[in-house]
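Below, chain A is the first sequence line, B the second, and so on; all start at residue 1.
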2 protein chains.
Amino acid sequence: MAGVSVATVSRVINNRKNVSEKTRNKVEQAIRELHFEPNVLARNLRNSESRLLLVLIPSISNPFYTEIINGIEDTAIEQGYNILLCETDSNPEREAIYFNLIRNRLADGIIIMDPTINRENLIELARMHPVVQCSEFDEAGNISYVTIDNELAAYQAVKHLIKLGQRKIALINSDERFLYARERRRGYEKALMEAGLPIETSWIYHTGKLGFEYGQQAMRSLLNVKNLPTAIFAVSDILAIGAMKEILSRGLRIPDDIAIIGFDKISFSNMTFPTLTTVAQPMYAMGSISAKMIINKIKGKKVESIILDHELIIRNST
Amino acid sequence: MAGVSVATVSRVINNRKNVSEKTRNKVEQAIRELHFEPNVLARNLRNSESRLLLVLIPSISNPFYTEIINGIEDTAIEQGYNILLCETDSNPEREAIYFNLIRNRLADGIIIMDPTINRENLIELARMHPVVQCSEFDEAGNISYVTIDNELAAYQAVKHLIKLGQRKIALINSDERFLYARERRRGYEKALMEAGLPIETSWIYHTGKLGFEYGQQAMRSLLNVKNLPTAIFAVSDILAIGAMKEILSRGLRIPDDIAIIGFDKISFSNMTFPTLTTVAQPMYAMGSISAKMIINKIKGKKVESIILDHELIIRNST
DNA sequence: CCATTCAATGTAAACGATTACATCAATCGT
DNA sequence: ACGATTGATGTAATCGTTTACATTGAATGG
């Protein structure tokens, strides 16, 4: 339509120099009239890049992850990448599907928040493709990650309870297949031992999944123990909030009868009554940094793992 | 490596007949040894299908949408499609990026939950590509949708308050660029009028966005009105929960001093104190049906719009 | 006036798959 | 025994871009 070759059109589209003003105008005019849109598949096929980032999360329902995703998305878009958000539900089959998208070059790189599944597969994937781990990680494959010091954070959280005079502190933990669960438990135990408090196994409860109902159930179970705890450290705000619900429905007061502290600082944690003391994770930054890391990796640069700061947010539940 | 032509390899990969057992084995062996993975870009370029579904949501932080997504994802995967989840933030620029993915054939179809932006663009897109609207919709382009009867649901919610003897009922609405906001307001007004109650504009508050803090702010504003309302209908649980927080922090009791009803039945709504009366939307079904509709559309079948049932969930806040 | 240079543009190969059509050898029916 | 049929395989075009290289023509300098 503009009376030029495809090469010239390509030059115009990609803003190359060496195109005369006149032809450039003609081509741009034609593009407008035809509503022409370059086919991304063909472009990617030629360039062998897709400018797509895969993001694997265990569950989209957890506000902790959605905040991370906000960080990833903003940074990715800024750098000309779009994200492909995939929920694995910790299901190996789903994970396999998404790993194949990477092998197929449908996406240039992958950010993973759930490496509990299929360790070997992950390591093998990372050998050939750009991979970054966010929050959860596995040292094994030498895959870079961004996370916080979970053990220290848990230690400080429990220490805060101890400083308030608490001596009977229970732990509501999630599945210890997750690294954070193992680390936070270690922090919990360290704080207790340091204060000369015994570690009561009847005060440690493991939930299978994350969800308010699991927190409720955990609390229900802990309230049936002979020697009642007077404080709770839950490894997730979600669990803590469920537990609070159960405590209140038994007619007990927070923090007077039972104090409770959560983890993550999801926005809902400030809406409960009383408001929940918690450990803030820099979720947005974690996402944003993950995105920068994966893009650098895609570009062939070397990237270093990083451990970000957390912060204890003291509110009314302790 | 297998000593055959690319055509034969393609036949093996796609499980075509007309390949002898012997060659098939040779090729499969080679595929295994080389860790060969077909390049999806090239395949899509040729077939012009990607088996990818675009899902556009205004915000990933709203549990209402994440539940819909669960429905979409389960159904899509079952049918061999993957989803590309995109947050628009009601930002036209982002939307344009994602619309282009469709035009470029990077995805086969699109499910939209935020048609407030760029109406003409949407209608034009739908002329050429499979589009389904979920929850929000615009009749204009004759684009199929799945949603609920928002006006009726709001009407019933307010009627519930009236039956409880409430006569001073405020409305916390969100941005009326959203269809659901306009419809729920209509239901609110209809219920009031039917009961012979006046519509007080000072009792109607519009928030710019969704988020707990906006609900708080709305309530703060409503508590400054001379003629205090004694009941609140909020068009979203998120707003209702923020409002509850504000009510309680003023030392008022729910529902004794102020009753409140929300909308959506997000999981949080059962964790508040007191628990929140709300209107349940069949979010999972909405997602699941949207996915089925878009896949049928992609396959060239005709699809009908559908209006699903809602349900009033009476809990302790009223 | 001619050789040289340079900017603008065109030509055609490449990316990696799919597939219509061509080819070939083996088998079959009469 | 020979053409027809069939199944297995190969050849080459195709999808829509990008880009190395070739070509063109005008401007420049001696």
Original post:
Along DNA chain C, 5' to 3', what are the outermost nucleotides having an atom less than 4.0 Å from a heavy atom of chain B?
Top reply: dG16(C) to dA20(C)

Subject >> Of Arg24(B) and Asn39(A), the one whose closest DNA chain D nucleotide lies more 5' >> reply: Arg24(B)

**OP:** Sort out for me which residue in Thr147(A), Val146(A), Asp149(A) forms a side chain to side chain contact (heavy atoms under 4.5 Å, CB included) with Leu308(A).
**Re:** Val146(A)

Original post:
Of Leu56(A), Asn62(A), Ile68(A), which meets side chain to side chain contact (heavy atoms under 4.5 Å, CB included) against Met113(A)?
Top reply: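 Exactly one pass, corresponding to Ile68(A).
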
May I have the distance from [X] (atom [atom1]) to [N] (atom [atom2]), rounded to whole angstrom?
{"X": "Leu41(A)", "N": "dT18(D)", "atom1": "CG", "atom2": "C1'", "result": "15 Å"}
{"X": "Glu49(A)", "N": "dT17(D)", "atom1": "CD", "atom2": "P", "result": "16 Å"}
{"X": "Arg16(A)", "N": "dT17(D)", "atom1": "CZ", "atom2": "P", "result": "15 Å"}
{"X": "Asn47(A)", "N": "dT19(D)", "atom1": "CG", "atom2": "C1'", "result": "10 Å"}
{"X": "Phe36(A)", "N": "dG16(D)", "atom1": "CZ", "atom2": "C1'", "result": "8 Å"}

Original post:
Taking 4.0 angstrom as the limit, do Arg119(B) and Asp138(B) come out as a salt bridge?
Top reply: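 The answer is yes: the pair qualifies as a salt bridge.
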
Subject >> Note: Arg51(B)-Glu49(B) ion pair, threshold 4.0 Å (strictly below) >> reply: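 Yes.
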
**OP:** Starting from the C-alpha separation in whole Å, work towards a yes-or-no answer on side chain to side chain donor-acceptor pair (under 3.5 Å) for Asn44(A) and Ser50(A).
**Re:** CA-CA 5 Å; Asn44(A) 294 348; Ser50(A) 65; 5.2 Å; no

Subject >> Any donor-acceptor N or O pair under 3.5 Å, side chains Thr207(B), Ser174(B) >> reply: no

Return the [atom1] to [atom2] distance between [X] and [Y], rounded to the nearest 0.5 Å.
{"X": "Ile294(B)", "Y": "Asn296(B)", "atom1": "CD1", "atom2": "CG", "value": "9.5 Å"}
{"X": "Asp74(A)", "Y": "Glu78(A)", "atom1": "CG", "atom2": "CD", "value": "8.0 Å"}
{"X": "Ile83(B)", "Y": "Ile77(B)", "atom1": "CD1", "atom2": "CD1", "value": "7.5 Å"}

**OP:** Apply the test side-chain contact (heavy atoms from CB on, under 4.5 Å) to residues Ile112(B) and Val131(B): give CA-CA distance (whole Å), side-chain angles for both, the deciding distance (0.1 Å), then the verdict.
**Re:** CA-CA 7 Å; Ile112(B) 298 186; Val131(B) 177; 4.1 Å; yes

Original post:
For the side chain of Arg46(A) and the base of dT18(D), is some donor closer than 3.5 Å to an acceptor across the two?
Top reply: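 Counting by modelled atom types and ignoring angles, a donor-acceptor contact under 3.5 Å is found here.
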
Original post:
Across the strands shown, which category fits Glu37(A) at heavy-atom distances under 4.0 angstrom: base, sugar-phosphate, nothing?
Top reply: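 Counting heavy atoms under 4.0 Å across all strands, the contact made by Glu37(A) is with sugar-phosphate only.
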
Original post:
Contact class for Asn44(A) vs. all strands (heavy atom < 4.0 Å): base, sugar-phosphate, or nothing?
Top reply: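 Result for Asn44(A) = nothing.
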
Original post:
Taking it one step at a time, do Thr66(A) and Ser61(B) satisfy side chain to side chain donor-acceptor pair (under 3.5 Å)?
Top reply: CA-CA 6 Å; Thr66(A) 58; Ser61(B) 317; 4.7 Å; no

Atom pairs, protein N/O to nucleotides 10-12 of chain D N/O, distance under 3.5 Å:
| unit_1 | atom_1 | unit_2 | atom_2 | d |
| --- | --- | --- | --- | --- |
| dG10(D) | OP2 | Ser5(B) | N | 2.7 |
| dG10(D) | OP2 | Ser5(B) | OG | 3.1 |
| dG10(D) | OP2 | Thr8(B) | OG1 | 2.8 |
| dG10(D) | O6 | Arg11(B) | NH2 | 2.5 |

Using a cut-off of under 3.5 Å, enumerate the N/O to N/O pairs linking the protein to nucleotides 5-8 of chain D.
| unit_1 | atom_1 | unit_2 | atom_2 | d |
| --- | --- | --- | --- | --- |
| dA8(D) | OP2 | Asn18(B) | OD1 | 3.3 |

